[in-house]
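Notes follow once the structure below has been shown.
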Amino acid sequence: MVGGKRRSFLVALAFLMLMGIAVYFRLWAIHYNISSDDTELLRRQFDIANREAMDESAEWRLRYDEEVDRGKKCLQQLQKFQESSQKGEDASGINHKLAILQKENGVLLERVETLKRELEEEKLKCSSRYMN
């Protein structure tokens, strides 16, 4: 009797172990299917995130290129302004020189007038000497 109970106990134990293993494999199969679906879902999410990052990167690159173009245009305008201001300085220098030359010309004209008067006076003196 003890041997029969022991044997039935071992058979029940073996049956329960087989059932436990079967349940374990069934749960593992379910988990594998879920995890493979999760893997596919994760791959899709990664692809979407990667595309969004590439789009954002392209957008930032475009903004950078636009700012570089704006910077180049501003630099060109600044260079043109500097060149024109130098020409303006040259023009103001020329105007200053012109004013100085006009003053010198006025002084020289006065001197010429003075010399003409002196010449006329000398001519009058000479003609009055010859007349006397």
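Side chains included, hydrogens not; waters and symmetry mates left out as well; all remaining heavy atoms used. Here the structure is a predicted model, which means the values were calculated and not measured.
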ask   = Just how far is it from atom CD of Gln82 to atom CG of Leu78, taken to the nearest 0.5 Å?
value = 4.5 Å
ask   = Is the shortest heavy-atom distance from the side chain of Glu120 to the side chain of Lys123 under 4.5 Å?
value = yes
ask   = Can you tell me how far CZ of Arg111 sits from CG of Leu109, rounded to the nearest 0.5 angstrom?
value = 13.0 Å
message = Within a 6.0 Å radius of atom CD on Gln45, are there more than 12 heavy atoms belonging to other residues, nucleotides or ligands?
response = yes
Value rounded to 0.5 Å, distance of CD1 in Ile100 from CG in Asn95 = 11.5 Å
key: Rounded distance [0.5 Å steps], CD in Glu122 versus CG in Leu115   = 11.5 Å
Atom pair CD1/CG of Ile21 and Leu16 - distance to nearest 0.5 Å = 11.0 Å
key: Any residue meeting side chain to side chain contact (heavy atoms under 4.5 Å, CB included) with Lys80, in chain and number order, not counting sequence neighbours   = none
ask   = Excluding sequence neighbours, so at least two apart, what forms side-chain hydrogen bond (donor to acceptor under 3.5 Å, both in side chains) with Arg117?
value = none
ask   = What distance do His96 atom NE2 and Leu101 atom CG have between them, rounded to the nearest 0.5 Å?
value = 10.0 Å
message = Give me each pair satisfying salt bridge (charged side-chain N to carboxylate O under 4.0 Å, His left out) with a member in residues 59-77, each pair once, sequence neighbours excluded.
response = Glu59-Arg63, Arg61-Asp65, Glu67-Arg70
remark   = When Leu119, Thr114, Val112 are each screened for side-chain contact (heavy atoms from CB on, under 4.5 Å) with Lys116, the one that passes is Val112
ask   = Do Val68 and Tyr64 pass the side-chain contact (heavy atoms from CB on, under 4.5 Å) test, and can you show the C-alpha distance, the side-chain angles, and the key distance before you say yes or no?
value = CA-CA 6 Å; Val68 166; Tyr64 172 79; 3.6 Å; yes
